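A quick note: this is a predicted structure, and the numbers were derived from the prediction, not measured. Proteins come first, then strands; the chains are lettered A, B, ... in the order of their sequence lines, and each starts at number 1.
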Protein chains: 2
Amino acid sequence: MTGVDDLTPVAQDYLKVIWSATEWGDPPITSKGLAARLHTSAAGVTDMVKRLAGQGLVDYESYRPVRLTPAGERLAVAMVRRHRLIETFLVRMLGYDWAEVHDEAEALEHAASEQLIERIDALLGHPAADPHGDPIPGADGTLRRPDAMRPGEAQGPCTVVRVSDADPAILARCRDLGIVPGATVLAAEVPAELASAVWVEPVSGRASPC
Amino acid sequence: MTGVDDLTPVAQDYLKVIWSATEWGDPPITSKGLAARLHTSAAGVTDMVKRLAGQGLVDYESYRPVRLTPAGERLAVAMVRRHRLIETFLVRMLGYDWAEVHDEAEALEHAASEQLIERIDALLGHPAADPHGDPIPGADGTLRRPDAMRPGEAQGPCTVVRVSDADPAILARCRDLGIVPGATVLAAEVPAELASAVWVEPVSGRASPC
DNA sequence: GGCCAAAGTTCAGGTACCTTAACTTTTATG
DNA sequence: CATAAAAGTTAAGGTACCTGAACTTTGGCC
Ligand SMILES: [Mn+2]
Ligand SMILES: [Mn+2]
Ligand SMILES: [Mn+2]
Ligand SMILES: [Mn+2]
């Protein structure tokens, strides 16, 4: 199990979802969560998770949440890198809207070769984050996680760091309100129903006194 | 069976290979030919061809070559369009060499959405041919087949129309010799071992008397 | 026209992934 | 802490694709 393309597309998606579940502080994912995100049945999840455990990619005990092994995590991060680079490419080079890019990347990530991914990365100038503000892991697996908070936990002017790409409708609304990574907003002005999808960082110290 | 993404990737490849076999005047493909091109066993081909026949995409009689039905041809041409647009995109936008582009396109063609294909087509300015000179079918299935001949059948200065992309080594040699679509060569100067991979068109009338 | 090699098919069986239905374990809660 | 709902697993079975081995058909050749 040396590289990501020794895996089936389904296995690639499982690892990616298991990894992503904990990226922003949530607990390890359960069978139910996997079934929901992968649009499959709970029975199918049990089946597949056992296969992944057999390959040494996840640690699994019956009736317990799934966790990645170091080997599984390495491959999961490689898939996340692929996904986010492809999303960035589609938005920057092909005019995709950030709300529609996810599904396309979800399919392409399994078909792109390592070579294509590295060419895209170079062409884009090694971007640090995808269109939603999610950090893009390096080719070596390194990942710089921004320490961001929810608008409810912050005060005053904040830089938008990330908007969850889980719901295209929320992305469209945020785009219309100018709530996009890099933009400055007042924490209190983020609508309540969007707040749980938005991560911000208070504008630092006395640097930007506008 | 309305669109190409109602098919499995394997079915997509079968249709594309069956169609491509006859593109340059060769007879309908046999089981052996399909097995060779698709890197699978003869038994697997029989199995799959029956499935395609069951879906009304091919006409099939035991021990006879396979032919596409009109429905199958429509979908095959759509796949050829995808493949060739992706090849063109990879060469023009991502710096791929024409000898390495085929395998990448072979995978991406199954993952790209119709929307992505049309965006690529527009971004490239609706190219008429792929990097090897193979004509790109229109979104409506129309295809203009250039009437070209082999170097052995021509005389004097010719425009290179197409180089078969079946063998990357031949592509690399042709590239080094300047035998690329659009270039002018003397028919007699195309090396014998490359001639069967090259299609040319005599430079017309007295137009280019150099 | 019969024979034989090549081509093609059938058969038995395997893997990955998926489903529904029945069953078990966990957990929440009164 | 008993119990019911929720979560999770097991079991049985299905589809797509694939393989090797045994068998059948085809087509070229003397
Ligand atoms: Mn995916
Ligand atoms: Mn994203
Ligand atoms: Mn393909
Ligand atoms: Mn080509």
Side-chain angles (χ1 to χ4, degrees), chain A residues 1 3-18 21-22 26-68 72 75 79 106-107 109-111, chain B residues 1 3-18 21-22 26-68 72 75 79 106-107 109-111:
Chain A
M1 193 60 52
V4 112
D5 10 57
D6 299 330
L7 299 169
T8 64
V10 172
Q12 290 174 345
D13 275 338
Y14 269 78
L15 295 182
K16 191 161 55 72
V17 168
I18 294 168
T22 61
D26 290 320
I29 199 164
T30 62
S31 282
K32 191 171 198 262
L34 278 168
R37 279 192 200 241
L38 293 163
H39 307 112
T40 192
S41 65
V45 170
T46 300
D47 188 12
M48 188 68 206
V49 163
K50 281 183 181 170
R51 254 198 299 280
L52 293 172
Q55 295 175 84
L57 301 176
V58 302
D59 285 328
Y60 170 62
E61 279 178 276
S62 280
Y63 300 101
R64 298 287 163 215
V66 193
R67 275 161 228 268
L68 295 170
L75 297 172
M79 285 310 299
E106 199 58 58
E109 65 191 2
H110 310 292
Chain B
M1 193 60 53
V4 111
D5 11 58
D6 299 330
L7 299 168
T8 64
V10 171
Q12 291 174 344
D13 276 338
Y14 269 78
L15 296 182
K16 191 161 54 71
V17 167
I18 294 167
T22 61
D26 290 320
I29 198 163
T30 61
S31 281
K32 191 172 198 261
L34 278 168
R37 280 193 199 238
L38 293 163
H39 307 111
T40 192
S41 65
V45 170
T46 300
D47 189 11
M48 189 67 206
V49 163
K50 282 184 181 169
R51 254 198 298 280
L52 294 172
Q55 295 175 84
L57 301 175
V58 302
D59 286 328
Y60 170 61
E61 278 178 276
S62 279
Y63 300 100
R64 297 290 164 212
V66 194
R67 276 161 226 268
L68 295 171
L75 298 172
M79 285 310 299
E106 198 58 57
E109 65 192 1
H110 311 292

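- Looking at residues 35-48 of chain B, you'll see B:T40, B:S41, B:A43, B:G44, B:D47, B:M48 sit with a heavy atom under 4.0 Å from some atom of DNA chain D.
- Here the side chains of B:K50 and B:T46 are in contact, with some heavy-atom distance below 4.5 Å.
- In this entry the distance linking CG of A:L52 with P of C:dT15 reads 17 Å, nearest Å.
- The nearest pair of heavy atoms linking A:L52 to A:A11 is CD2-CB, 3.9 Å.
- Looking at heavy atoms from C-beta onward, B:L38 lies in side-chain contact with B:D13 at the 4.5 angstrom threshold.
- Nucleotide C:dT15 holds its P atom 11 Å from the CZ atom of A:R51, rounded to whole Å.
- Ranking D:dG8, D:dT10, D:dA16 by closeness to the A:K50 side chain, first place goes to D:dT10.
- In this structure, CG of A:D6 is placed 19 Å from P of C:dT15, rounded to the nearest angstrom.
- When all heavy atoms are compared, the tightest approach of A:P28 to A:R67 is CG-NH1, 3.3 Å.
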For nucleotides 27-29 of chain D, which of its nitrogen or oxygen atoms have a protein nitrogen or oxygen under 3.5 Å away, and what is each distance?
| unit_1 | atom_1 | unit_2 | atom_2 | d |
| --- | --- | --- | --- | --- |
| D:dG27 | OP1 | B:R64 | NH1 | 3.1 |

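- Rounded to whole angstrom, the span from the CG atom of A:D13 across to the P atom of C:dA16 amounts to 17 Å.
- At a threshold of 4.5 Å between non-hydrogen side-chain atoms, the residues B:V45 and B:Y14 count as touching.
- Counting only heavy atoms from C-beta on, A:K32 has its side chain closest to D:dG8 among D:dG8, C:dT10, C:dC17.
- In this structure, A:E106 pairs ionically with A:K16, as a charged nitrogen and a carboxylate oxygen lie closer than 4.0 Å.
- Here C:dA16 presents its P atom at 15 Å from CD of A:Q12, a figure rounded to the nearest Å.
- Within the 4.5 Å cutoff, the side chain of B:L57 has heavy atoms near those of the B:L7 side chain.
- With a 4.5 Å cut-off on side-chain heavy atoms, B:L15 and B:M79 do not count as touching.
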